[in-house]
There are 4 protein chains.
Amino acid sequence: MRTDSLPTLDARKRPRQARSQATVDTIFEATIQVLLAEGLPRLTTIRVAERAGVSVGTLYQYYPQKQALLFAVLQRHLEQVARTVDEAALSMHGATLAQMVRTIVTAFVKIKTQNLAESRALYAVATELDSREYVQSIKQRNRAALEAMLRTASDARFADISTVTFMFAGVMIGPIQVLLEGEPTPEMLKLLPEQLVSVCLGYLEREALRPA
Amino acid sequence: MRTDSLPTLDARKRPRQARSQATVDTIFEATIQVLLAEGLPRLTTIRVAERAGVSVGTLYQYYPQKQALLFAVLQRHLEQVARTVDEAALSMHGATLAQMVRTIVTAFVKIKTQNLAESRALYAVATELDSREYVQSIKQRNRAALEAMLRTASDARFADISTVTFMFAGVMIGPIQVLLEGEPTPEMLKLLPEQLVSVCLGYLEREALRPA
Amino acid sequence: MRTDSLPTLDARKRPRQARSQATVDTIFEATIQVLLAEGLPRLTTIRVAERAGVSVGTLYQYYPQKQALLFAVLQRHLEQVARTVDEAALSMHGATLAQMVRTIVTAFVKIKTQNLAESRALYAVATELDSREYVQSIKQRNRAALEAMLRTASDARFADISTVTFMFAGVMIGPIQVLLEGEPTPEMLKLLPEQLVSVCLGYLEREALRPA
Amino acid sequence: MRTDSLPTLDARKRPRQARSQATVDTIFEATIQVLLAEGLPRLTTIRVAERAGVSVGTLYQYYPQKQALLFAVLQRHLEQVARTVDEAALSMHGATLAQMVRTIVTAFVKIKTQNLAESRALYAVATELDSREYVQSIKQRNRAALEAMLRTASDARFADISTVTFMFAGVMIGPIQVLLEGEPTPEMLKLLPEQLVSVCLGYLEREALRPA
DNA sequence: CATGAATGAGAGTTCATTCAT
DNA sequence: GATGAATGAACTCTCATTCAT
């Protein structure tokens with residue numbers, strides 16, 4: 001598949017005046033709003049500018065390409081996820097498997113479901129954006145945090161820890177994603193954390209080495 | 001999100017003559033080829049027609065809108081997945097949990113990874129196409145098949161079987177999707193089925209009611 | 001100076017139907033008309049399409065970029081010049097210096113002044129178009145024809161013939177260009193050929209080797 | 001050709017203070033630098049302001065339109081050329097034809113080739129700027145100076161002196177321009193003055209009236 | 001006076017779709 | 001039925017110019 005590598009996705013200009021920082025924020029929020037209200041295919045620079053109440057020219061002053069707009073939104077979301085996982089994982093160093101799983105799952109579910117619509121929309125963004133490299137790096141960062149945590153479990157040790165971590169992470173994401181893509185009932189959302197804990201714990205205990 | 005319900009996507013004329021059927025197939029295959037070779041953003045009706053060796057006019061004779069083209073491709077893929085799962089599930093009625101899981105996982109992994117590129121490309125198609133309803137219906141159908149199967153397990157019974165099925169399905173999809181989005185090493189792909197079995201079995205055994 | 005090399009300037013599609021050949025011609029003529037009526041800075045694809053009575057889309061079917069439009073016009077003009085010089089030079093092989101000069105100058109002046117406005121406009125086009133390579137190649141071709149001719153002069157021989165040819169050609173172009181850029185009076189135009197003959201002959205006779 | 005006569009191009013405010021004069025000069029130099037480094041199509045007011053280290057607002061204080069900027073650069077160049085020719089011509093009053101030609105050609109070649117890149121770039125500026133009138137006036141001034149000089153030649157007299165002057169000037173410009181448009185070898189540049197002298201002298205001697 | 005954020009008309013280009021041949 | 005020329009709305013992006021601070 002042709003994937004002409006794109007120019008930098010980062011924003012062009014770091015604004016110096018307070019006025020323009022406000023503008024940047026407005027545009028950013030407008031992007032999310034358009035994304036949610038109209039969907040990715042109808043997200044055009046003109047529409048975002050209109051919604052933000054600025055001219056296209058202003059938009060391009062801060063986001064030099066349409067893709068930079070989307071990338072910014074994606075970035076904020078993923079950065080948030082990564083930070084949350086990092087912190088949760090770090091706080092559980094030395095705990096038991098059960099404690100670890102419960103904490104991580106809770107944090108993960110919370111951040112993904114609290115802004116449900118945004119999360120949903122961003123899946124589409126990520127695929128359309130040739131941001132694979134960036135998305136992968138975030139996932140990698142998450143896995144590293146989880147792996148470091150698992151190594152310190154007080155009640156378990158693993159033979160192939162990187163595979164175990166990969167599955168652990170994947171298994172958490174799977175049902176959440178499926179849920180996001182559908183129309184989850186509140187009921188389902190309430191059940192989810194407990195179920196995910198069960199899934200993860202079931203797997204990890206199975207893979208843990210028996211103490212001789 | 002605005003979803004001006006689109007004019008019927010599968011409104012394509014069912015051709016009566018053999019020659020016409022051949023044309024439809026040619027166009028269909030051309031669509032997949034263009035999708036894989038050029039990517040969704042470069043998939044234009046003209047390019048598909050060229051690749052198929054027909055004129056745009058002819059293409060529109062059979063697929064009255066571009067979306068119908070994409071929908072057809074998506075449909076065939078999902079239909080295949082659904083059929084595979086249906087059959088695997090049906091063949092395992094009455095078996096043990098372990099046998100069931102092993103069979104389903106194997107079938108699922110096989111169909112998703114044998115045509116890795118296509119699966120990946122279709123993910124983008126699905127998001128761009130507002131085909132949520134259809135995708136959901138396929139997932140629903142899959143879950144129904146799985147649930148029916150689980151009910152007949154010779155060595156287990158479940159309290160909330162629909163939730164269990166939901167998680168079972170979600171848990172299979174998760175790691176596969178994560179793998180597809182990255183650059184899976186052959187090694188990883190080899191490990192995957194066994195790991196998935198472990199995940200699913202770990203969960204299902206945990207959720208199974210203890211026989212008194 | 002940055003000169004990002006541009007993609008091919010050639011026309012995209014060789015039309016197959018008579019209808020479209022007519023369209024191509026219409027667009028071509030419209031380009032010249034807009035160029036003359038509005039000037040290069042106001043020559044936009046929309047304006048050309050309007051003048052041609054077709055839609056922009058149609059224009060782009062045949063000239064995939066704006067530059068292709070300009071290049072086509074430039075090309076036709078230069079090709080005409082080159083052909084004229086080639087033929088005139090060839091027809092004078094073996095003649096005397098005076099005959100050669102008279103013929104060449106006449107041909108050159110005629111072709112440059114018969115379509116005065118077009119010639120004038122094309123200078124601007126050539127500089128804006130990064131067509132240096134092409135323009136150079138035409139000039140080279142002209143010089144080659146002139147040099148071949150001079151070698152056969154029945155009444156003269158030259159020591160450094162390539163330099164002499166270069167000056168001969170340059171000396172013809174100079175006053176013509178100056179004339180084109182101004183508002184030449186008809187009187188001036190009438191005097192021009194005789195004067196150019198005088199210039200060229202004066203130079204060439206001066207540079208010719210004295211027969212021992 | 002439409003030539004909406006443009007608002008005065010040199011409407012720039014004559015600054016009264018030394019500091020302002022310095023700013024004007026800085027902007028002026030920045031314009032030339034951008035022109036040479038980036039080319040005319042990439043010469044934007046913002047880029048010029050950046051290069052000059054001032055804001056766009058300041059730039060507009062002194063050059064109320066972009067065209068004024070370009071016009072100023074063009075003007076300085078042409079003024080320089082005109083002055084050089086004026087002085088050279090004046091200094092040769094009463095000399096022989098050969099002395100005149102040698103001096104004028106030398107001065108002309110020197111000024112045109114010493115800043116080759118600038119000359120080239122300005123050609124594009126002149127065409128984009130609708131400055132024909134001004135360019136013509138400079139040429140007229142040059143011709144006047146040359147004609148005045150030729151009238152005093154100690155060893156020649158001409159029947160139609162204004163035509164002779166026109167050709168003399170045109171003949172000097174032609175080969176130089178051709179050279180500038182190509183990639184002149186240093187070798188060529190060294191030969192040029194001598195050759196031009198030959199051309200001009202050949203012509204002028206031919207056109208000089210025989211002393212009875 | 002200087003700044004630089006904001007403007008918005010206008011440019012080049014693409015592509016789903018139609019319809020005369 | 002098949003063809004492919006023609007359409008034109010819509011998109012991304014640029015840049016000369018203005019004006020509140």
Side-chain angles (χ1 to χ4, degrees), chain A residues 13 15-24 41-49 52-69, chain B residues 13 15 17 19-20 23 41-50 54-69, chain C residues 13 15-24 41-49 52-69, chain D residues 13 15 17 19-20 23 41-50 54-69:
Chain A
K13 193 202 266 181
R16 302 207 186 132
Q17 302 184 1
R19 171 162 62 135
S20 55
Q21 182 56 53
T23 305
V24 175
R42 289 175 59 82
L43 186 147
T44 68
T45 50
I46 289 180
R47 251 188 284 264
V48 169
V54 301
S55 69
V56 231
T58 299
L59 185 155
Y60 273 89
Q61 196 124 58
Y62 301 105
Y63 297 90
Q65 314 140 40
K66 183 189 173 184
Q67 307 220 339
L69 224 47
Chain B
K13 178 196 286 187
Q17 303 179 4
R19 186 158 66 106
S20 303
T23 306
R42 293 175 57 87
L43 187 146
T44 67
T45 51
I46 287 187
R47 251 190 278 267
V48 169
E50 252 167 20
V54 301
S55 67
V56 233
T58 300
L59 185 154
Y60 271 84
Q61 196 87 41
Y62 297 107
Y63 296 88
Q65 313 144 62
K66 185 191 175 185
Q67 304 209 334
L69 223 46
Chain C
K13 194 202 268 184
R16 301 208 187 132
Q17 301 184 5
R19 172 162 62 133
S20 55
Q21 182 54 53
T23 305
V24 175
R42 289 176 59 84
L43 186 146
T44 70
T45 51
I46 287 180
R47 254 192 278 266
V48 169
V54 300
S55 68
V56 231
T58 298
L59 185 156
Y60 273 89
Q61 196 124 58
Y62 301 105
Y63 297 90
Q65 313 139 40
K66 183 189 172 184
Q67 307 218 339
L69 225 47
Chain D
K13 177 197 289 185
Q17 304 179 6
R19 186 159 65 106
S20 302
T23 306
R42 293 175 57 85
L43 186 146
T44 67
T45 50
I46 287 187
R47 251 191 277 267
V48 170
E50 251 166 21
V54 301
S55 68
V56 232
T58 300
L59 185 153
Y60 271 84
Q61 196 87 39
Y62 297 107
Y63 296 89
Q65 312 144 62
K66 185 190 173 186
Q67 304 209 335
L69 222 47

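Letters A, B, ... are given to chains in the order of the sequence lines, protein chains preceding strands, and every chain is numbered from 1.
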Whole-Å distance separating the CG atom of C:Leu59 from the P atom of F:dA5: 15 Å
Using a 4.5 Å cut-off on heavy atoms from C-beta on, say whether the side chain of D:Thr45 contacts that of D:Tyr60. yes
Presence of C:Thr23 side-chain N/O under 4.0 Å of F:dA6 phosphate oxygens OP1/OP2: yes
Looking at every heavy atom in both B:Arg47 and B:Arg42, which two are closest together, and how far apart are they? NE-O, 2.7 Å
Which range-with-range stems can be found for DNA chain F when each stem has 3 or more Watson-Crick or G-U pairs in a row and both distances sit under 3.5 Å? E:2-21 with F:2-21
Could you tell me the separation between the CD atom of C:Gln61 and the P atom of F:dG4, rounded to a whole number of Å? 11 Å
Here the pair of heavy atoms bringing B:Leu59 nearest to B:Ala49 is CD1-N, 3.9 Å
Under 3.5 Å between N/O atoms: give me all the protein pairs with nucleotides 8-12 of chain E, atom names plus distance.
unit_1 : atom_1 : unit_2  : atom_2 : d
E:dA11 : OP1    : C:Arg47 : NH2    : 3.3
E:dG12 : OP1    : C:Lys66 : NZ     : 3.0
E:dG12 : OP2    : C:Thr45 : N      : 3.0
E:dG12 : OP2    : C:Thr45 : OG1    : 3.2

For residues A:Lys66 and A:Leu43, determine if any side-chain heavy atom of one lies less than 4.5 Å from a side-chain heavy atom of the other. yes
How many Å lie between CD on C:Gln67 and C1' on E:dT13, as a whole number? 13 Å
Please enumerate all residues that pass side-chain hydrogen bond (donor to acceptor under 3.5 Å, both in side chains) together with C:Thr58, with sequence neighbours excluded. C:Ser55
Could you tell me the separation between the OH atom of A:Tyr62 and the OG1 atom of A:Thr23, rounded to the nearest 0.5 Å? 5.0 Å
Whole-Å gap separating C1' (F:dC15) and OH (D:Tyr63): 20 Å
